[in-house]
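Below, each value reflects all heavy atoms present in this structure, side chains not excepted, and no hydrogens, waters or symmetry copies. Here the structure is a predicted model, which means the values were calculated and not measured. Index from 1, following the sequence.
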Amino acid sequence: MSESIIGKKSFEFAVIIVNFYRKFIVDKKEFVLSKQLLRSGTSVGANVREALNAQSRLDFIHKLSISQKECDEAIYWLELLYETRYISKEEFEKLKNPATEILKIIRSIIITTKSKNS
């Protein structure tokens, strides 16, 4: 399978999230919110991978839609960690910027795919 940009970016984001989580739980001793971020942040790429192996166009859209929701959820947890002062503005932006980029790409792919389906 050829490597897709969204596949690459979502995997890189998952690596960033895993490394952030490992450091965060040691430094801040916060386990609940960070675990939610870990789950949603790594789920983005897992669902993109499933979409890339979809059995049909509808399956592709469905899997990417799940990925879109997980990405938006990851952004939610980042916003919550920032607003509760667990992470600095710099940390927040370093994590939120790639998530926002991925979310925009996924939304664009879904819209394009749906328009081809009509």
Side-chain angles (χ1 to χ4, degrees):
M1 173 176 63
S2 63
E3 188 172 23
S4 73
I5 289 173
I6 191 59
K8 184 175 189 281
K9 286 185 179 289
S10 60
F11 183 81
E12 289 169 353
F13 179 67
V15 170
I16 290 167
I17 291 297
V18 168
N19 289 330
F20 169 80
Y21 174 78
R22 290 172 61 194
K23 184 178 183 312
F24 189 75
I25 60 171
V26 170
D27 293 349
K28 301 287 184 174
K29 306 289 188 236
E30 193 293 315
F31 302 96
V32 177
L33 301 176
S34 57
K35 180 69 93 169
Q36 293 292 96
L37 174 61
L38 177 67
R39 288 180 178 150
S40 58
T42 56
S43 181
V44 175
N47 282 292
V48 165
R49 178 76 60 97
E50 284 191 38
L52 294 173
N53 291 295
Q55 296 175 337
S56 67
R57 186 173 288 190
L58 288 177
D59 187 33
F60 177 77
I61 292 168
H62 175 71
K63 297 293 194 248
L64 272 188
S65 296
I66 294 169
S67 188
Q68 173 182 283
K69 290 177 185 180
E70 293 292 338
C71 193
D72 198 39
E73 182 181 333
I75 293 170
Y76 172 83
W77 295 117
L78 288 169
E79 290 169 349
L80 189 57
L81 286 167
Y82 174 66
E83 289 297 326
T84 56
R85 296 185 180 98
Y86 274 107
I87 60 175
S88 68
K89 184 173 184 166
E90 295 78 30
E91 289 171 307
F92 172 68
E93 289 175 356
K94 181 180 176 185
L95 295 166
K96 186 180 180 220
N97 289 343
T100 302
E101 179 186 10
I102 291 165
L103 185 59
K104 288 177 182 178
I105 294 169
I106 291 171
R107 284 182 177 159
S108 177
I109 293 169
I110 291 170
I111 290 167
T112 302
T113 305
K114 282 182 176 180
S115 71
K116 289 180 181 178
N117 211 19
S118 299

Asks: Taking salt bridge (charged side-chain N to carboxylate O under 4.0 Å, His left out) as the test, write out the residues that go with K23, two or more places apart.
Replies: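 Partners of K23 by the salt bridge (charged side-chain N to carboxylate O under 4.0 Å, His left out) criterion, ordered by chain and then number, come out as D27.
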Asks: Would you check, one step at a time, whether the test side chain to side chain contact (heavy atoms under 4.5 Å, CB included) holds for I25 with E30?
Replies: CA-CA 5 Å; I25 60 171; E30 193 293 315; over 6 Å; no
Asks: With sequence neighbours left out, write down each residue that passes ring-ring contact (aromatic ring centres under 6.0 Å, His included) with Y76, or none if nothing qualifies.
Replies: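 Checked Y76 against ring-ring contact (aromatic ring centres under 6.0 Å, His included); zero matches.
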Asks: Please check if the number of heavy atoms outside Y86 that lie under 6.0 Å from its OH is greater than 12.
Replies: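 Open.
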Asks: Check this for me, if you would: do K69 and E73 make a salt bridge, where the nitrogen-to-carboxylate-oxygen distance has to be below 4.0 angstrom?
Replies: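 Result for this pair is no, no salt bridge flagged.
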Asks: Applying ring-ring contact (aromatic ring centres under 6.0 Å, His included), can you list everything that pairs with Y82, at least two apart in sequence or on another chain?
Replies: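 ring-ring contact (aromatic ring centres under 6.0 Å, His included) check on Y82 returns F92.
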Asks: Report the residue from S65, S67, C71 that forms a side-chain contact (heavy atoms from CB on, under 4.5 Å) with N47.
Replies: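 One option only clears the test, and that one is S67.
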Asks: Rounded to the nearest 0.5 Å, what separates atom CD in Q68 from atom CD1 in I110?
Replies: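 Nearest 0.5 Å value for the CD-CD1 distance: 4.0 Å.
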Asks: State plainly whether one hydrophobic cluster holds both F31 and L78, where clusters connect Ile, Leu, Val, Met, Phe, Trp and Tyr through side-chain heavy atoms under 4.5 angstrom apart.
Replies: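 Both belong to a single hydrophobic cluster.
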Asks: Salt bridge (charged side-chain N to carboxylate O under 4.0 Å, His left out) with D59: which residues, sequence neighbours excluded?
Replies: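 Result, salt bridge (charged side-chain N to carboxylate O under 4.0 Å, His left out) vs D59: K63.
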Asks: Please walk me through it: do I106 and V44 pass side chain to side chain contact (heavy atoms under 4.5 Å, CB included)?
Replies: CA-CA 10 Å; I106 291 171; V44 175; 4.2 Å; yes
Asks: Under a 4.5 Å side-chain heavy-atom rule over Ile, Leu, Val, Met, Phe, Trp and Tyr, are F11 and I6 clustered together?
Replies: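 Different clusters: F11 never reaches I6 through Ile, Leu, Val, Met, Phe, Trp or Tyr contacts under 4.5 Å.
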Asks: Can you pull the salt bridge (charged side-chain N to carboxylate O under 4.0 Å, His left out) pairs that have at least one residue in residues 97-110, sequence neighbours excluded?
Replies: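 For residues 97-110: K9-E101.
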Asks: Does I66 belong to the same Ile/Leu/Val/Met/Phe/Trp/Tyr cluster as I75, with side-chain heavy atoms less than 4.5 Å apart forming each link?
Replies: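 Shared cluster, no.
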Asks: Just to verify, what does F20 make a ring-ring contact (aromatic ring centres under 6.0 Å, His included) with, not counting sequence neighbours?
Replies: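 ring-ring contact (aromatic ring centres under 6.0 Å, His included) check on F20 returns F24.
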Asks: Does Y21 belong to the same Ile/Leu/Val/Met/Phe/Trp/Tyr cluster as W77, with side-chain heavy atoms less than 4.5 Å apart forming each link?
Replies: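 In one cluster with Y21: W77, yes.
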Asks: For the hydrophobic clusters of this structure (ILVMFWY residues joined by side-chain heavy atoms under 4.5 Å, transitively), does one cluster hold both L38 and L95?
Replies: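 Shared cluster, yes.
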